[in-house]
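First up is the structure itself, then whatever we jot down about it.
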Amino acid sequence: MSSKENIDFRSDTVTLPSEEMLEAIRHAPLGDDVFREDPTVNRLETLAAERMGKEAALLVSSGTQANLISLMNNTKHGELVILEAQSHIYWYEVGGISRIAGLLPWPLTSRIGAFDPEDLEVAIQHQDIHFPEPALVCIENTHNRHGGTIIKPAQIKAISDVAHTHGLKLYMDGARIFNAAVALKVDVKKFTKHVDNLMFCLSKSLCCPVGSLLVGTCEFVEKARKLRKLLGGGMRQAGIIAAPGIVALEKMIDRLEEDHRNARRLAEGIAEIDGIKVDLSRVQTNMVYFDIADLGISAESFTSRLEEYGILTLNLDNNIVRMVTHRGIEEEHVKKAIVAIEKVSEELHR
Ligand code: TLP
């Protein structure tokens, strides 16, 4: 929570470390990770690789850095990357894909997060002398701007079949991949087995203060280690960051179910309110997006009014508001939020 009075639904990035995480930090054996001598980092990386069913993993400072390193790792400067039009890499990473990695992003639209493998096929085959060589396909799972939606293992396989047939790599921004696995009640490896490499975040719904992990082959991770250094991301006693990550992987995954239940309650409550539209089919994990266009004010004004009731939300686009459930949001907070949204909407209808 950002302050005592406010209930913070802006993001799961606002989660604070658990007591157990703070204890783990206090007792973590440390060393210099650039020399690969931090035992806690090494333990986390081994654990992450095992969980994901891949050869190796690398701790990096953020999801954005993980995505950038992967883009650079899987391509050569000047190549083309096919990604989903609403993806985080395309929207929210300061254009690092072009500015730093020197790549041309080629966006494909989709209905709720996973583009059609046929559209991918067309995009790849469309290439001729006018276009850079396609090198990489990216997917995002869960898909943030589509509402925390899940790309199912079978859909990933279909996309990977097309990418691999044409010699392209498949990368997954799996910032919230454990949310997808918990929601579908399947092992996370079902999602990771069809991608060449991926990242997932510790610092979102898993509640760690910092950190993301890149996961893939040993070769991919060795190259990523050097790229991380290039980008100024080589860390020294990073066991401080890794220690809560170990707690997260061992203890914080099953509880995501609770966040999903709360998101569903929230969405169903909001859906009853006049002037607000929620697409309940998109509420698959810990996010709720809703459309307030019919209330006749901007999402920005709407979120400011809600803040007066102590409810923090994010305005994304003109009419769209996002709320995210996480550790720290209980059922009673959901109830309070629904009441506050109802009040603001009534005030506007008057
Ligand atoms: N997303 C943040 C904001 O940047 C929008 C949020 O609050 O949801 N991939 C995905 C799918 C993400 O949602 C995010 C963060 C990232 C990558 C970047 O992670 P960080 O913030 O660690 O750089």
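Residues: numbered from 1 along the sequence shown. Worth saying up front: this structure is predicted, and the values here are computed from it rather than measured. Ligands are counted one by one from 1 in listed order, and the atoms in each one are counted from 1 as well.
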Side chains of [X] and [Y]: donor-acceptor distance under 3.5 Å anywhere?
X	Y	answer
Arg145	Tyr92	yes
Gln86	His143	no
Ser301	Ser304	no
Gln65	Ser61	yes
Thr217	Glu55	no
Asn179	His260	yes

[X] N/O to ligand 1 N/O under 3.5 Å:
X	result
His88	yes
Arg10	no
Asp173	yes
Tyr92	no
Gln65	no
Glu93	no

task = State, with a plain yes or no, whether a side-chain heavy atom of Lys223 is found less than 4.5 Å away from one of Met72.
result =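 No; the side chains remain at least 4.5 Å from each other.
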key: Which residue and heavy atom of the protein sit nearest atom 19 (O) of ligand 1, plus the separation   =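 Residue, atom and distance for the closest contact: Lys204 NZ, 2.9 Å.
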inquiry  = Which residue and atom name correspond to the protein heavy atom nearest atom 7 (O) of ligand 1, and how close is it?
reply    =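 Minimum-distance protein heavy atom for atom 7 (O) of ligand 1 reads Ser11 OG, 2.7 Å.
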message = With clusters defined by side-chain heavy atoms of hydrophobic residues (ILVMFWY) lying less than 4.5 Å apart, directly or transitively, does Tyr90 cluster with Tyr171?
response =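 Tyr171 clusters together with Tyr90.
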Under 4.0 Å from any heavy atom of [X], which atoms of ligand 1 are there?
X	result
Thr64	18 (C), 19 (O), 20 (P), 23 (O)
Ser62	22 (O), 23 (O)
Gly63	18 (C), 19 (O), 20 (P), 22 (O), 23 (O)
Glu140	11 (C)
Ala175	9 (N), 10 (C), 11 (C)
Arg176	6 (C), 8 (O), 12 (C), 13 (O)

query = Is Arg322 in contact with ligand 1, taking contact as a heavy-atom separation below 4.0 Å?
reply =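 Heavy atoms of Arg322 do come under 4.0 Å of ligand 1.
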task = Check if His143 has a non-hydrogen atom at a distance under 4.0 Å from any atom of ligand 1.
result =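 In this structure, His143 fails to qualify as a contact of ligand 1 - no heavy atom is under 4.0 Å.
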ask   = Which of these, Cys207, Pro244, Ser205, sits in a side-chain contact (heavy atoms from CB on, under 4.5 Å) with Met252?
value =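 Only match with Met252 under side-chain contact (heavy atoms from CB on, under 4.5 Å): Cys207.
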request  = Classify the angle between the aromatic ring planes of Trp106 and Phe131 as parallel (below 30°), tilted (30 to 60°) or perpendicular (above 60°).
outcome  =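 The rings of Trp106 and Phe131 stand perpendicular, inter-plane angle above 60°.
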task = Evaluate whether atom CD of Glu37 has more than 12 neighbouring non-hydrogen atoms of other residues, nucleotides or ligands under 6.0 angstrom away.
result =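 Yes, the 6.0 Å shell around CD holds more than 12 heavy atoms from other groups.
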ask   = Can you tell which part of Met287 has a heavy atom less than 4.0 Å from ligand 1: side chain, backbone, both or neither?
value =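 For Met287, there is no contact with ligand 1 at all, from either part.
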